[in-house]
Amino acid sequence: MDKKITNREVKKKNRNDVFRYICSHEIVSNPDISYDLKISLPTATQITKELLEEGLVEEKGELQSTGGRRAKALAAVVNAKLAVGMDITKNHLTLVLTNLTGEALQYERIWQPFDPADSYYHEISQRLEHFLDENQVDREKLLGLGISFPGIMDLDREIMAYSHALGLAVVPFASISRFFSYPCIFLNDANAGAYAEGFHRQEGDAFFYLSLSNTVGGAVFNRDEIVQGKNFRCGEVGHMTVAADGELCYCGKRGCLDVYCAAGRLSRMADGKLETFFQMLDQGEPEAVRVWDVYTDHLALAVNNIHMVLDCDVVLGGYVGSYMGIHLQDVWRKVARRNTFGEKKSFVRGCNYKVAAAALGAAVKVMEAFVSQI
């Protein structure tokens, strides 16, 4: 029995590896798969035959001959399955459609102030259906809906334990998912952003994702997964203290990182428009330069502390990370001055996904649940 289980697990892993390999390459052949994944050619051929029959892989003619029989060209049917992500914040709703490769096919951000009433969920459910209709999504291909919230998601008890940002506590996932016609999964927004960031990184890559949006959050990404922590609060750096007895945070404590590094700290001096703030900064506007200097003092303190504890790269994401651009160097210079070990190579990185990262990560998590079972 143990041998049968082992053989079944090996076959499943091989199928999964082959499909992921095909998804990560535009055109491949069975000999390519066999050589790169170090499996036998008959095994590779049998697996791709099964994937062809399941409609997940298609033939794209033949590759050029290198001296023998020309190999069949294979490619993933990337839109064979689809998933949608929904990011809910205090004032906005963001929707993203993705496919088997984790590509953001369509995106929409809507002004939609949060309200815990049933009418709110009815409204966003209708907006979701309108989004899918506009993009002509075949519901038979839709695997499910990933929903991200700025809150602590207790995956064991299947509840949102609490969300200071939205004023919620102990909200069962089922009380939300009942409004939607698709299977739902739930993620913390920073975890979702980290998941999007980590989806296309090299296998085994570890980093800390620091989400600098209307609230500040964080997530530890390691070995292709989010590190959750004992109480699903791992990475919740928005409420670590960076100024003893500092300014009052919305959580009721003083001196939290969120007070000093939320996006509003910058956008409030530019009519609420973060893009305008960075334009002012680019132009050297004195007040923008002063505000940025104070902002990066606190940010550098937090980044260095995170790196000292985790010894990994720190990715700056969220709204601020998306606009940072060349100003990332301002952060690194301040971090480098604080760093005890005098590291010469920057461990502070900008995010790859600058638009709707949390919604994309939520959608990708749905897709990953499917791919992992192939």
Side-chain angles (χ1 to χ4, degrees), residues 83-98 104-137 142 145-151 153 160 162-168 171 175-182 184 186-193 196 211-217 238 250-251 258-259 261-280 317-324 351 353-364 366:
V84 64
M86 173 184 289
D87 180 39
I88 293 173
T89 67
K90 187 175 181 179
N91 292 311
H92 291 91
L93 176 74
T94 302
L95 298 167
V96 171
L97 183 70
T98 192
L105 301 175
Q106 298 293 340
Y107 149 78
E108 184 176 5
R109 188 168 186 250
I110 305 160
W111 170 259
Q112 182 80 42
F114 179 77
D115 185 335
D118 287 2
S119 57
Y120 171 83
Y121 292 106
H122 280 299
E123 174 69 17
I124 63 173
S125 177
Q126 291 172 7
R127 286 188 178 273
L128 169 62
E129 295 300 333
H130 180 68
F131 174 75
L132 296 174
D133 287 340
E134 273 195 329
N135 294 294
Q136 300 179 330
V137 174
L142 193 62
L145 170 65
I147 306 176
S148 82
F149 278 96
M153 301 296 166
M160 185 193 309
Y162 55 84
S163 169
H164 285 302
L166 301 180
L168 300 175
V171 179
S175 71
I176 299 171
S177 61
R178 65 191 174 93
F179 292 98
F180 302 100
S181 302
Y182 316 100
C184 296
F186 293 82
L187 296 86
N188 164 269
D189 56 348
N191 286 354
S211 177
L212 304 167
S213 291
N214 291 332
T215 57
V216 175
Y250 68 84
C251 74
D258 199 294
V259 175
C261 289
R265 195 80 180 191
L266 305 176
S267 62
R268 71 180 59 164
M269 65 163 297
D271 296 323
K273 298 177 181 177
L274 198 59
E275 181 180 11
T276 301
F277 171 83
F278 277 98
Q279 289 171 352
M280 295 166 65
Y319 301 155
V320 177
S322 300
Y323 281 108
M324 199 167 286
C351 58
Y353 293 96
K354 303 185 185 304
V355 176
L360 176 60
V364 165
V366 173

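We use all heavy atoms of the structure for the numbers below, so side chains are in, but hydrogens, waters and symmetry mates are not.
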Does atom NE2 of His92 have more than 12 heavy-atom neighbours, drawn from other residues, nucleotides or ligands, at distances under 6.0 Å? yes

Verify side chain to side chain contact (heavy atoms under 4.5 Å, CB included) between Ser211 and Tyr319, making sure each step is shown before the conclusion. CA-CA 8 Å; Ser211 177; Tyr319 301 155; over 6 Å; no

Kindly state whether the ring of His122 and the ring of Tyr120 have centres lying under 6.0 angstrom apart. no

Has Asp271 got more than 12 heavy atoms of other residues, nucleotides or ligands less than 6.0 Å from its CG? no

Do Asp87 and Ser148 have a side chain donor and acceptor closer than 3.5 Å? yes

Closest contact, heavy atoms only, Ala362 versus Gly85: CB-CA, 4.2 Å

Can you tell me how the ring of Phe149 sits relative to the ring of Phe114, calling it parallel under 30°, perpendicular over 60° and tilted otherwise? perpendicular

Would you say Arg268's side chain and Gly264's backbone share a donor-acceptor pair under 3.5 angstrom? yes

Shortest non-hydrogen contact between Leu142 and Ala83, atoms and distance: CD1-CA, 3.9 Å

Please walk me through it: do Asp118 and Arg178 pass salt bridge (Lys or Arg N to Asp or Glu O under 4.0 Å)? CA-CA 10 Å; Asp118 287 2; Arg178 65 191 174 93; 3.4 Å; yes

Nearest atoms (heavy-atom pairs only) where Gly321 meets Lys354: O-NZ, 4.5 Å

Working to the nearest 0.5 angstrom, can you tell me the gap between Met160 CE and Asn188 CG? 9.5 Å

Any chance you could lay out the side chain to side chain contact (heavy atoms under 4.5 Å, CB included) test for Tyr182 and Leu132, step after step, and finish with the verdict? CA-CA 12 Å; Tyr182 316 100; Leu132 296 174; 3.6 Å; yes

So do the side chains of Phe180 and Ser125 get within less than 4.5 Å of each other, counting heavy atoms only? yes

Can you check side chain to side chain contact (heavy atoms under 4.5 Å, CB included) on Ile88 and Met86, steps first, answer last? CA-CA 6 Å; Ile88 293 173; Met86 173 184 289; 4.1 Å; yes

Can you find a heavy atom in the side chain of Ile176 that is under 4.5 Å from one in the side chain of Cys184? no

Contact summary for Thr215 and Pro150, nearest pair of heavy atoms: OG1-CB, 4.4 Å

With rounding to the nearest 0.5 Å, note down the distance linking CG in Leu97 to CD in Glu134. 12.0 Å

Note, His164 side chain near Cys251 side chain (heavy atom, < 4.5 Å): yes

Measuring only between side-chain heavy atoms, which start at C-beta, is Arg127 closer than 4.5 Å to Ile110? yes

Would you indicate whether the side-chain heavy atoms of Phe186 and Ser177 approach each other to under 4.5 Å? yes

Residues passing the salt bridge (Lys or Arg N to Asp or Glu O under 4.0 Å) test with Arg109, sequence neighbours excluded, are none

